[in-house]
Amino acid sequence: MPGSKRGLVAPQNTILDSIVNLVRRNNWQDACFILANSQIFESPIIYCSDTFCKMTGYNRADVMQKSCLCSFMYGELTDVSCIDRIKQALDKQHHAQLEILLYKKNKTPMWIIMQVAPIRNEKDVTALYLLIFKDITALKQPIEEEDNKGGLSKFAKIARSVTKTRSAFSGFPSNNPATVENGRPVSTSSVNVVALPQYRQEGPKTPPHIILHYTTFKTSWDWMILFLTFYTSIMVPYNVAFEWKTSDSIPTLATDSIVDIVFFIDIILNFHTTFVGPTGAVVSDPKVIRRTYLRSWFVIDLMACMPYDIFNAYDQKSESMGSVFSAFKVLRLLRLGRVARKLDHFMEYGAAVLLLLMSSYMLIAHWLACIWYSIGKSEAVSGIEYGWLFRLGRELHSPFRYVAPPENWTLHLARHSLMGGNVSSALASYSGFNDTAGNVTARLAEWGLFGGPPHQALYVSALYFTTSSITSVGFGNIAANSTNEKIFSIVVMVIGALIYATIFGHVTTIIAQMTASTARYHEMLNSVRDFMRLHEVPKALSERVLDYVVSTWSITKGIDTSKVLNYCPKDMKADICVHLNRDVFNEHPAFRLASDGCLRALAMHFVTNHSAPGDLLFHTGESVDSLCFVISGSLEVTQDDEVVALLGRGDVLGDQFWADDYAVGQSCANVRALTYCDFHSIKREKLLDVLKFYHSFKNSFQRNMVLTYNLKNRVRKCTLNTPSLNSNLERRVLLSSNQREEHEKNHLFFYHYFVYYLS
């Protein structure tokens with residue numbers, strides 16, 4: 001598909017995926033994390049992982065916009081000094097690690113190893129705080145609890161506690177190893193600064209030893225592989241049929257050895273080259289690349305680059321066997337299917353198909369010409385002088401001459417071969433010959449086929465016959481005379497009829513069928529480019545539009561979903577819509593109690609949307625008239641150019657349309673896509689119509705639907721423009737939101753009292 005030849009390579013902000021990969025890479029399977037905005041007063045939480053919600057019992061709606069100090073998890077036994085250390089780390093924006101006692105939502109205490117790490121943006125300014133939590137409650141159980149139960153000795157229990165503590169710390173990267181005192185770990189700062197991602201948009205990253213498939217080097221290499229593939233598929237049959245390559249053909253052997261080395265290098269490069277996955281994303285994971293190549297083209301490529309000519313190099317008697325093994329190099333022709341998929345980098349898809357079809361036609365004609373010559377030569381060597389080779393030699397005034405061996409020579413040679421002898425010993429033991437060993441070779445050279453036109457004339461004549469037989473019935477100047485030649489001519493005519501019908505008769509139809517979607521794709525791109533050029537749209541905006549069009553095409557494949565659904569009856573259309581929105585219905589508890597009829601009614605009104613990095617889903621001040629469910633990707637919610645929330649898979653944003661006292665309001669924030677995102681949305685009017693009809697489901701929906709972020713709510717932000725919040729004087733100047741509201745009420749009261757007094 002031309003639109004996805006490079007994959008989805010637009011710069012993306014993959015902060016969430018990078019942190020998740022960091023956690024997995026360091027084997028923190030049971031660790032969880034939260035992200036907080038360092039540029040807003042009290043650093044509110046803008047994202048929390050699913051493992052954090054499972055560990056603490058809080059859902060995202062409970063945690064969002066609360067301070068990253070996690071004061072909502074404090075209890076009676078929470079150490080005040082640990083809280084001060086967290087505040088100090090946030091104020092000074094440095095790394096810290098400590099142990100702290102926190103409480104779950106059900107007030108269950110738990111010991112936590114907390115790590116605080118700042119995340120910087122492209123301007124080297126701290127934009128976010130990353131807080132990683134790991135539950136070590138099992139390691140904090142006092143030894144005295146098991147004293148009454150008996151069992152291990154006190155020394156053994158201390159040793160077990162130390163072992164568990166070290167295993168708990170082993171998952172965290174550390175420059176200073178953790179120490180243990182009295183069976184309890186001592187806190188150390190152990191956050192890996194190098195591994196921390198940055199909050200910025202970046203292009204697809206690849207490991208140092210991975211090559212991008214769309215680079216200039218890889219494109220040039222693929223063209224060279226394509227050329228060498230055609231060279232191999234042409235020369236191998238020619239060498240086998242005309243015996244052009246022998247042990248004395250040093251240049252030909254050297255050329256083939258170089259080709260084998262190039263194909264072996266190509267195998268190595270394929271283990272380190274990215275490819276476009278089914279979703280259009282560029283796959284750069286080395287393990288996935290190797291596994292995919294091993295399952296696809298590795299066996300064929302390995303068989304194609306084996307040094308079969310080694311038989312010719314070391315054993316003169318194995319030339320025929322070496323030629324047979326060399327014929328296996330034609331397996332490289334199967335690589336044309338993989339290389340042909342890259343031709344659309346440089347030409348239209350229809351031209352690439354036409355080029356492959358014509359090349360295949362000439363290649364088949366070449367193979368048939370080599371077979372035609374082999375048949376004529378085998379019959380000429382057998383002494384048949386009415387074959388096409390003898391006739392061609394007489395017409396070209398360069399006749400063949402055949403010298404037959406003595407009678408019973410063939411039978412004698414066969415008997416001698418069964419006894420383990422060779423040709424030389426058979427000749428020496430043949431009756432009637434008393435030649436010495438030095439004259440054996442000369443005697444053998446006197447028998448066989450001699451004379452005839454040069455190889456070039458023979459090959460051109462054979463190719464002329466096969467080409468004329470494929471495209472027509474031939475012209476008769478080169479004709480089949482013997483039985484084997486006539487059988488082969490019949491086969492060639494049958495194959496020619498099929499090739500002619502396929503390539504020449506239906507080439508237009510094939511190209512039209514194969515390039516229908518491609519033509520629509522190029523027509524759409526040309527229309528978009530013409531529109532941008534006509535209205536002088538800025539270059540940055542034009543690139544965003546083109547990237548969105550290409551990414552949308554890579555997902556939908558140019559298929560109009562609404563058009564396909566209109567082909568189906570209402571019942572079938574509802575079933576398909578439920579299947580398309582299954583991620584929304586299965587992941588959100590608000591839909592669990594919905595009946596089948598209710599789900600089908602809701603699914604008919606859901607719309608699947610796709611957005612590219614940088615696209616705005618909601619603008620500040622516009623009406624919030626839809627409810628959005630994020631299926632994949634990451635979203636950024638900004639208010640006054642500050643990030644107030646990061647949303648990912650499973651999050652819901654919009655407004656509480658279903659509330660009884662609801663009034664249509666405006667969005668107080670911008671919602672921007674950080675990566676390629678897919679989300680399902682439903683309009684307010686459609687949702688209310690379904691809830692109005694299904695009364696029982698309405699109550700369940702109102703009770704269980706929780707918005708991850710309400711776009712009508714405005715986050716109150718500190719108005720003092722200070723670089724830091726370190727001094728106590730600055731903290732006194734900054735007023736909380738409740739205090740500001742109280743001051744506004746007092747001013748309003750005195751204003752009305754003053755106006756009343758004057759009147």
Side-chain angles (χ1 to χ4, degrees), residues 3-4 8 10 12-14 16-17 278-281 521 524 528 541 543-566 573-574 576-588 590-591 599-638 645-655 657 667 669-690 705 707-712:
S4 62
L8 306 180
Q12 306 182 55
N13 191 331
T14 58
L16 297 181
D17 296 335
T279 60
Y521 171 79
M524 179 182 61
V528 173
L541 182 58
E543 293 180 353
R544 285 180 52 197
V545 173
L546 289 175
D547 182 73
Y548 173 78
V549 171
V550 172
S551 61
T552 304
W553 183 276
S554 65
I555 294 176
T556 62
K557 309 301 181 184
I559 300 174
D560 189 354
T561 304
S562 59
K563 185 177 181 180
V564 174
L565 291 177
N566 291 331
K573 181 179 180 180
I576 296 176
C577 291
V578 171
H579 174 75
L580 295 177
N581 297 278
R582 63 190 182 280
D583 293 336
V584 176
F585 297 149
N586 294 334
E587 293 183 0
H588 296 277
F591 301 101
L599 288 179
R600 294 159 67 87
L602 287 170
M604 295 286 287
H605 301 305
F606 268 99
V607 179
T608 302
N609 300 279
H610 173 76
S611 61
D615 292 347
L616 283 173
L617 279 66
F618 290 94
H619 290 263
T620 302
E622 71 178 11
S623 176
V624 183
D625 59 347
S626 61
L627 189 65
C628 297
F629 299 83
V630 182
I631 301 301
S632 63
S634 303
L635 300 173
E636 175 187 59
V637 182
T638 59
L646 291 177
L647 306 179
R649 177 182 175 85
D651 291 333
V652 186
L653 68 155
D655 197 3
F657 310 133
S667 174
N670 294 326
V671 180
R672 179 182 287 105
L674 297 178
T675 62
Y676 292 98
C677 299
D678 294 321
F679 58 93
H680 296 193
S681 62
I682 183 172
K683 290 295 183 179
R684 169 180 173 271
E685 295 79 7
K686 303 297 183 181
L687 177 61
L688 294 180
D689 291 341
V690 176
M705 175 52 68
L707 291 177
T708 307
Y709 190 86
N710 194 328
L711 295 177
K712 285 180 60 178

Determine yes or no for a side-chain-to-main-chain donor-acceptor pair under 3.5 angstrom, with [X] supplying the side chain and [Y] the backbone.
X	Y	value
Asn566	Ser562	yes
Thr708	Val652	yes
His610	Cys677	yes
Ser667	Val624	no
Arg672	Leu616	no
Asp651	Gly648	yes

* What orientation do Phe606 and Phe585 show, parallel under 30°, tilted 30 to 60°, or perpendicular over 60°? ->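 Taking Phe585 first and then Phe606, their aromatic rings stand perpendicular (interplane angle over 60°).
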* To do: Please list, chain by chain and in numerical order, all residues satisfying salt bridge (Lys or Arg N to Asp or Glu O under 4.0 Å) with Asp625, sequence neighbours excluded.
  =>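 Testing Asp625 for salt bridge (Lys or Arg N to Asp or Glu O under 4.0 Å), a comparison that skips the adjacent residues, returns Lys683.
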* Partners meeting salt bridge (Lys or Arg N to Asp or Glu O under 4.0 Å) with Asp678 (sequence neighbours left out) ->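 Checked Asp678 against salt bridge (Lys or Arg N to Asp or Glu O under 4.0 Å); zero matches.
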What I'd like to find out is whether the side chain of [X] reaches to under 4.5 Å of the side chain of [Y], using heavy atoms alone.
X	Y	value
Val607	Ile682	no
Lys686	Leu602	no
Leu565	Cys577	yes
Phe629	Glu587	no
Val545	Val528	yes
Arg649	Ile631	yes
Leu707	Leu627	yes
Leu635	Phe679	no

Which atoms form the tightest heavy-atom contact between [X] and [Y], and what is the distance?
X	Y	answer
Ala669	Tyr709	CB-OH, 4.3 Å
Arg544	Gly614	NH2-O, 3.2 Å
Asn609	Ser681	ND2-OG, 2.9 Å

* Determine, stepwise, if the pair Thr561 / Thr608 fulfils side-chain contact (heavy atoms from CB on, under 4.5 Å). => CA-CA 10 Å; Thr561 304; Thr608 302; over 6 Å; no
* Step by step, would you call Leu599 with Asn581 a side-chain contact (heavy atoms from CB on, under 4.5 Å)? -> CA-CA 10 Å; Leu599 288 179; Asn581 297 278; over 6 Å; no
* Take Glu636 and Leu646 through the side-chain contact (heavy atoms from CB on, under 4.5 Å) test and state the conclusion after the steps. => CA-CA 5 Å; Glu636 175 187 59; Leu646 291 177; 4.1 Å; yes
